[in-house]
Amino acid sequence: MTNEQYHNLIIGSGEAGKYLAWNLAKMGQTTAVVERSMIGGSCPNVACLPSKNIIHSAKAVALADPTTGLGVMTGSFKVDMSGVARRKSMMVNGLVDLHLANFKASGAELIMGEARFTEPKTVQLMLNGGGSRQLRGDRVFLCVGTRASIPDVPGLTDSGPMTHVDALNLERLPEHLVILGGGYVGLEFAQAMRRFGSRVTIVQRGRQLLDREDPEVSQALLELMKDDGVQVLLQAEVLSVAGRSGDNVTLKIRSGTSESLVEASDILVAAGRTPNTDRLDIARGGVELDSRGYIRVNEKLQTSATDVWAMGDCAGSPQFTHAGYDDFRIVLNNLAGGNRSTRGRLIPYCLFTDPELARVGMSESEAKAKNVPYRVAKVPMSSVPRMQTLSQTRGFAKALIGTDNQILGFTVFGAEASELMAVAQTAMLGGMPFTAFRDAIFTHPTAAEGLIVLFTSGFAGAK
Ligand SMILES: Cc1cc2nc3c(=O)[nH]c(=O)nc-3n(C[C@H](O)[C@H](O)[C@H](O)COP(=O)(O)OP(=O)(O)OC[C@H]3O[C@@H](n4cnc5c(N)ncnc54)[C@H](O)[C@@H]3O)c2cc1C
């Protein structure tokens, strides 16, 4: 089979892959993007955007509850999961159409099929419509992403557990959903499904939820889950599973020295990610992987093979869409003669529970581990007037301040946390001292006004 030659060959149409394709093709370079299933990658199809769409429907359920005290009385209402799934699917279909329009307008060729290396910079495609093609790129960009890991627990795979992909398509309400994993995917689904009306149990291996957060943050999320009626089992390990998810399952769980059986209707696995590098025959492309199967890259996202780059989840970048987007910018900039790298990036993070948790920069545990000197400013969200108007006084804002008055880290658990965090992040990017917030005039009553509260009164009892 003869090779079809392109300037740029991109495997995977996720965040970094698609933006790179659209930009390079618009410059007049021949660009092929190979995608085996999801046009535009995980984010618009099975991850960020559909999950936040579903979470919004779940919030509507919570707001319609007459016990919220909002003074709005509804008649009796019920959740229609097929309506929830329909709204989500309409959004996803619209996003896919937008992606197709962008591919068309840019001139990048989108080819639906699965790629495997046959030799350096050359892949064979098994086309989804049947047949095959062999493509070669002057430059190759690997953006193949990750998928949900299924832990090696006896009986788990045979039980047919859901991953986020299946859970986002549910048109029925699980009676009792057991979620394996207390990270951000697990927590977002736990609260949403509980609000829709499922009984929910989270099984978390570690000592706390969200194992990378400060213990007080994890504790706050634990209390939120419990108050919402989600059962959380910490330091708990699933030993075996029997039955079929979607019908009836029994999980044998060890917690400390005791073992117990949990009966449920459904299992959702949210226990980490596996890189999609296992079906690429990547060694034939001369590209090295690390011990966990992620593509080894340097700080410019170059792989071990000449003229081959990797970006996004599969390159070991922080597993967020915005990190993948920045990977694309780094590579594009460097192709144009720039000198950008992944070093020292300030990558924020948000958990879209209600209320949200957002963090940028260092956590207190990290500062301690690195022996970085800091002071802490912390206030409860109840001290922010905006939160009183929303009746959402749960949570706190916390900042770590360095010796030069710079903000080293900012964590907020509360309503509108993601937007508030972006304000603090802007200051960190601009190198502004915390006193600039303390002395600023923000509109009353906004969430941003909370930064004045934090930096004026938040040092009481500070270390
Ligand atoms: C439930 C959930 C919620 C999330 N929410 C958020 C959020 O709110 N905010 C956030 O920033 N991040 C969120 N994330 C993480 C985010 O979705 C990922 O970090 C991001 O989508 C990764 O982008 P990527 O381009 O690296 O990979 P992907 O978007 O997964 O793209 C990789 C593409 O490559 C294709 N592919 C793989 N192998 C081949 C092959 N051999 N041939 C052809 N095509 C191939 C795949 O089909 C896929 O489309 C969430 C993740 C999950 C699971």
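For reference, positions follow the sequence shown, starting with 1. Whatever order the structure lists ligands and atoms in, that order sets their numbers, starting from 1.
Ala271 approaches Pro151 most closely through the heavy-atom pair CB-CG, 4.0 Å.
Thr30 and His7 share a side-chain donor-acceptor pair at under 3.5 Å.
Among residues two or more places apart in sequence or in another chain, the ring-ring contact (aromatic ring centres under 6.0 Å, His included) test is passed with His322 by Phe320. By the side chain to side chain donor-acceptor pair (under 3.5 Å) test, Asp158 pairs with no residue at all, sequence neighbours left out. Every residue was checked against the salt bridge (charged side-chain N to carboxylate O under 4.0 Å, His left out) condition with Asp138, not counting sequence neighbours, and none meets it.
Sorted by chain and number, the heavy-atom contacts of ligand 1 below 4.0 Å come from Ile11, Gly12, Gly14, Glu15, Val34, Glu35, Arg36, Ser37, Met38, Gly41, Ser42, Cys43, Ala47, Cys48, Ser51, Lys52, Gly113, Glu114, Ala115, Cys143, Val144, Gly145, His164, Tyr184, Val185, Arg273, Leu280, Gly312, Asp313, Gln319, Phe320, Thr321, His322, Phe352.
For Ser304 (side chain) and Glu288 (main-chain N/O), a donor-acceptor pair under 3.5 Å exists by modelled atom type.
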